[in-house]
Protein chains: 2
Amino acid sequence: MKSEIQVFREYIRGRRLRRTPEREQILQEIFEIHGHFDVDELHLRLRDKASKVSKASIYRALPLFIDCGLVREVDFSDGHWHYEHVYGHAHHSHLRCLGCGEVLEFEQPGLGCLEAHLAQEFGYRIKGHQLQVHGFCATCQEAE
Amino acid sequence: MKSEIQVFREYIRGRRLRRTPEREQILQEIFEIHGHFDVDELHLRLRDKASKVSKASIYRALPLFIDCGLVREVDFSDGHWHYEHVYGHAHHSHLRCLGCGEVLEFEQPGLGCLEAHLAQEFGYRIKGHQLQVHGFCATCQEAE
DNA sequence: GATGTAATTGAGAATCAATTACAATAATAC
DNA sequence: GTATTATTGTAATTGATTCTCAATTACATC
């Protein structure tokens with residue numbers, strides 16, 4: 001399997017874009033994040049490492065990472081985007097607690113089959129899906 | 001089955017909130033919308049009927065409707081919230097075209113079973129889920 | 001290695017949906 | 001009817017994201 005930096009560099013070359021230290025710093029940082037992140041968090045983490053990458057550059061780089069399949073947008077319905085490092089990870093869905101915000105991951109293999117079915121029924125070429133389940137975790141149920 | 005206005009009035013009474021013409025106008029308008037809507041659209045439709053309800057009131061009313069199960073937030077990943085009239089409708093998921101923005105609905109009965117499974121495995125009390133599938137419709141595939 | 005080009009950058013301004021403060025109004029309880 | 005307090009519209013504010021613009025820099029070519 002190609003390394004993620006490799007995937008990104010090939011993508012960059014293929015599009016006549018440019019390989020910059022900023023983009024690679026951002027990507028590197030994403031690899032090191034365990035779990036989900038948002039732009040603010042990513043920016044702070046880079047700040048802490050004395051990187052001067054601006055938020056604007058992060059906002060500009062993320063669509064590239066998404067486009068080449070390294071990162072995925074995740075919707076937690078809290079008013080801004082979250083992202084996750086996706087390359088080489090099994091596709092999964094999120095179970096989110098409406099009380100404390102905890103997010104668990106689970107696998108849902110049946111959805112590949114659903115995609116094939118939808119492709120056939122509606123004539124779509126399917127690119128992906130997002131499934132979120134929400135509710136209250138054990139702790140938050142007690143607290144109610 | 002209780003009428004939707006009834007559901008809402010009981011909810012209002014139960015919470016010691018107040019029944020106002022603005023809220024009922026908004027709710028009434030939502031019933032008459034076929035399909036999905038966003039705050040802007042709802043506001044324009046009310047304007048057209050010479051209603052003076054402000055956007056702020058719409059923003060303030062929607063969480064109430066959601067809370068009493070009459071309306072559901074829908075995420076089309078286009079930067080702002082969409083909603084749909086939900087009471088008495090079968091739960092469904094959305095298939096969205098990344099090219100033209102078309103949205104189709106489909107039913108996915110297996111997910112009720114998934115919810116029960118998750119409830120058991122993680123100790124959650126599940127409140128609901130959202131599934132969106134995205135890809136390119138037949139027309140947009142040709143255009144590429 | 002120098003040069004031209006066009007992509008990329010950071011900083012800050014602009015945008016836009018959503019929220020909030022405030023004073024006026026109006027729904028409910030008494 | 002009166003008091004209480006939720007709700008309203010208006011306008012200001014917030015906060016995430018996008019855009020602008022001048023300066024910089026990566027890459028291809030000489």
Side-chain angles (χ1 to χ4, degrees), chain A residues 5 8-29 36-68 71-83 101, chain B residues 5 8-30 36-47 49-68 71-83 101:
Chain A
I5 283 282
F8 182 63
R9 288 184 181 168
E10 281 174 23
Y11 170 86
I12 286 292
R13 208 173 326 128
R15 306 255 165 158
R16 304 258 157 70
L17 301 177
R18 287 178 189 173
R19 180 177 149 185
T20 68
E22 288 81 1
R23 287 175 176 167
E24 301 209 341
Q25 274 170 38
I26 297 168
L27 192 51
Q28 180 62 40
E29 192 59 38
H36 314 102
F37 61 92
D38 57 26
V39 169
D40 240 38
E41 196 182 332
L42 190 51
H43 186 233
L44 287 176
R45 287 181 64 125
L46 285 160
R47 265 288 151 83
D48 287 348
K49 299 198 173 168
S51 163
K52 298 219 185 312
V53 183
S54 71
K55 266 194 193 176
S57 293
I58 296 176
Y59 276 112
R60 286 185 283 227
L62 280 169
L64 303 179
F65 302 152
I66 291 169
D67 198 37
C68 63
V71 167
R72 193 160 78 98
E73 285 176 315
V74 187
D75 167 33
F76 290 157
S77 302
D78 67 346
H80 66 280
W81 284 107
H82 295 249
Y83 302 87
Chain B
I5 284 283
F8 183 62
R9 287 183 181 166
E10 281 175 22
Y11 170 86
I12 286 293
R13 208 173 324 128
R15 305 257 165 157
R16 305 258 156 71
L17 301 176
R18 289 179 188 172
R19 179 178 150 187
T20 69
E22 288 81 0
R23 287 174 177 169
E24 301 208 342
Q25 274 169 39
I26 297 168
L27 192 51
Q28 180 62 39
E29 192 58 39
I30 289 173
H36 314 103
F37 61 91
D38 57 26
V39 169
D40 240 39
E41 197 182 332
L42 189 52
H43 185 233
L44 287 176
R45 288 180 64 124
L46 285 160
R47 266 286 150 83
K49 301 198 173 170
S51 163
K52 300 221 186 311
V53 183
S54 71
K55 266 194 193 176
S57 293
I58 296 176
Y59 278 113
R60 286 186 281 226
L62 280 169
L64 303 180
F65 302 150
I66 291 169
D67 198 35
C68 62
V71 168
R72 194 160 76 97
E73 285 177 314
V74 188
D75 167 32
F76 291 157
S77 303
D78 66 345
H80 67 280
W81 285 107
H82 296 250
Y83 302 87

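Below, chains carry the letters A, B, ... as their sequence lines are ordered, and counting in each starts from 1.
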Proximal nucleotide (of dG12(C), dA16(D), dA26(D)) relative to the P21(A) side chain: dA26(D)
Rounded interatomic separation in angstrom, taking NZ from K55(A) and P from dA13(C): 16 Å
Closest-nucleotide 5' rank along DNA chain C - winner of R19(B) and A56(B): A56(B)
Proximal nucleotide (of dA11(C), dA26(C), dT8(D)) relative to the R23(B) side chain: dT8(D)
Length of the CD-P vector between E73(B) and dA17(C), whole Å: 16 Å
N or O in side chain of T20(B) less than 4.0 angstrom from dA6(D) OP1/OP2: no
Rounded distance in Å - OH (Y11(A)) to P (dA7(C)): 14 Å
Spacing between L42(A) atom CG and dA16(D) atom C1', to the nearest angstrom: 15 Å
Touch class at under 4.0 angstrom, heavy-atom based, for R60(B) against every strand present: base
Criterion side-chain hydrogen bond (donor to acceptor under 3.5 Å, both in side chains) on Y83(A) and D38(A), from CA distance to verdict: CA-CA 6 Å; Y83(A) 302 87; D38(A) 57 26; over 6 Å; no
W81(A) side chain reached by V74(A) side chain, heavy atoms, under 4.5 Å: no
E29(A) vs F37(A) side-chain heavy atoms within contact, under 4.5 Å: no
First encountered from the 5' end of DNA chain D, between Y59(A) and L17(A): Y59(A)
Pair of N/O donor and acceptor under 3.5 Å linking dA6(C) base with R16(A) side chain: no
Any D75(B) side-chain heavy atom under 4.5 Å of H82(B) side chain: no
Whether R60(A) side chain and K55(A) backbone form a donor-acceptor pair below 3.5 Å: no
Length of the CZ-C1' vector between R15(B) and dT28(C), whole Å: 18 Å
Closest to side chain of W81(A), choosing from dT17(D), dT8(C), dT28(C): dT17(D)
Rounded distance in Å - CD1 (I58(B)) to C1' (dT8(D)): 13 Å
Whole-Å gap separating C1' (dA26(C)) and CD (E22(B)): 9 Å
Euclidean distance, atom CZ of residue R18(B) to atom P of dA24(C) [Å, nearest integer]: 18 Å
Sugar-phosphate only, base, or nothing, as touched by K52(B) at under 4.0 Å among non-hydrogen atoms: sugar-phosphate
